[in-house]
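Quick notes on the structure that follows.
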Amino acid sequence: MICTRHQQASSVPRHSAPLRIRPVAELTRTRLRARRRPTAASLSWASTTTTRWYDHHQHLHARWHTRLNRLTTANPHIPPAPASPTLTCRNLITYPETLTLATALDRLPPHPLTRTQQIAFLHDLASRLNLPRRAPADHDLLWQRLHAR
């Protein structure tokens, strides 16, 4: 999906050319910083969770909006219709946070966490996502994931 060498990414087949991501440096930095690839299960959970946050304008909306603006400015060939870049580039826009969340989920133990451990996990995740705090609502997928273990 991302080529750090060429500073390009593919998003969806609707785009006629690769997307230039040089103006969105956090996309390539995240890829280079990853020590090991997250498991498929954690990546699936993380992708579903960040997609929900993105669609519902939760937590990182301002950051993602800025990232989307930089991406569309650098790629005027992205068609505005029939599907907007807001949807077609969603996975690319949320990629750094998805990878961070997946990596954090991979570090969870296989047994249920105590309330103190859940709070510590959320505090660490907030720090990794550069958020002042992370207190998910009861319906948040991340909260459900922490309780399902």
Side-chain angles (χ1 to χ4, degrees), residues 1-108 113 118-146 148-149:
M1 186 163 138
I2 292 178
C3 176
T4 55
R5 180 174 171 218
H6 296 103
Q7 300 286 301
Q8 294 180 339
S10 62
S11 190
V12 295
R14 287 186 181 136
H15 297 161
S16 58
L19 301 177
R20 292 181 46 241
I21 58 172
R22 187 175 307 276
V24 193
E26 58 265 40
L27 295 177
T28 55
R29 279 197 308 261
T30 300
R31 174 96 187 240
L32 293 172
R33 226 181 359 215
R35 290 187 182 95
R36 68 174 188 235
R37 200 166 161 79
T39 62
S42 66
L43 200 52
S44 177
W45 264 99
S47 180
T48 302
T49 302
T50 55
T51 296
R52 172 89 52 96
W53 292 347
Y54 183 86
D55 290 346
H56 294 269
H57 306 284
Q58 295 174 320
H59 315 300
L60 301 155
H61 176 67
R63 180 185 310 171
W64 288 335
H65 185 71
T66 301
R67 197 175 290 158
L68 178 63
N69 284 340
R70 290 193 333 248
L71 187 66
T72 54
T73 300
N75 295 280
H77 65 278
I78 297 175
S84 74
T86 303
L87 294 176
T88 61
C89 298
R90 175 177 53 200
N91 289 342
L92 190 57
I93 296 300
T94 62
Y95 180 73
E97 292 78 18
T98 300
L99 201 57
T100 300
L101 179 55
T103 303
L105 290 172
D106 274 341
R107 288 193 311 269
L108 287 174
L113 299 176
Q118 290 173 355
I119 292 169
F121 173 81
L122 292 172
H123 179 73
D124 180 61
L125 181 61
S127 175
R128 291 177 186 277
L129 292 174
N130 295 318
L131 291 170
R133 66 184 180 85
R134 179 76 190 95
D138 291 339
H139 64 276
D140 190 296
L141 288 177
L142 178 58
W143 192 245
Q144 292 173 13
R145 173 78 165 123
L146 289 176
R149 294 194 69 76

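In this chain, numbering begins with 1 at the start of the sequence shown.
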Under a 4.0 Å threshold between the charged nitrogen and the carboxylate oxygen, would R63 count as salt-bridged to E26?
no
To the nearest 0.5 Å, what is the distance between CZ on R145 and CG on L105?
5.5 Å
Taking atom NE2 of H61 as the centre, does the number of heavy atoms from other residues, nucleotides or ligands within less than 6.0 Å exceed 12?
yes
Determine whether C89 and L19 make a side-chain contact, defined as any pair of heavy atoms from C-beta on separated by less than 4.5 Å.
yes
Would you indicate whether the side-chain heavy atoms of L92 and V24 approach each other to under 4.5 Å?
no
Just wondering, do W143 and L122 contact through their side chains at under 4.5 Å, heavy atoms?
yes
Main-chain N/O of A74 paired with R20 side-chain donor or acceptor, under 3.5 Å:
yes
Only one of T50, T48, T51 clears side chain to side chain donor-acceptor pair (under 3.5 Å) with T98; which?
T50
Pick one: which of R90, R52, R67 meets salt bridge (charged side-chain N to carboxylate O under 4.0 Å, His left out) with E97?
R67
Contact summary for A46 and A102, nearest pair of heavy atoms
CB-N, 3.5 Å
Pairwise distance CG(L60) to OG1(T66) - rounded to 0.5 angstrom
11.5 Å
D140 CG to L146 CG distance, which is reported to the nearest 0.5 Å
9.0 Å
Would W45 and L101 satisfy side chain to side chain contact (heavy atoms under 4.5 Å, CB included), going step by step from the backbone distance to the final call?
CA-CA 9 Å; W45 264 99; L101 179 55; over 6 Å; no
Any idea which heavy atoms bring L68 and P85 closest together, and the distance?
CD1-O, 3.8 Å
Distance-only, no hydrogens or angles: does the D106 side chain make a donor-acceptor pair with backbone N or O of S42 under 3.5 Å?
no
If you measure from CZ on R37 to CG on L99, what distance do you get to the nearest 0.5 Å?
8.5 Å
Hey, mind stepping through D124 and R107 against side chain to side chain contact (heavy atoms under 4.5 Å, CB included) and telling me if it holds?
CA-CA 12 Å; D124 180 61; R107 288 193 311 269; 3.3 Å; yes
Minimum heavy-atom distance between P18 and N75, given as atom pair plus value:
O-OD1, 4.1 Å
Quick one: CD1 on I93 to OG1 on T72, what's the gap to the nearest 0.5 Å?
8.0 Å
So, the side chain of S47 versus the backbone of L43: is there a donor-acceptor pair under 3.5 Å, distance only?
no
Separation between CG of L113 and CZ of F121, rounded to the nearest 0.5 Å:
8.0 Å
Is the W64 ring parallel, tilted or perpendicular to the Y54 ring (thresholds 30°, 60°)?
tilted
Would you say P23 and L71 make side-chain contact, with heavy atoms under 4.5 Å?
no
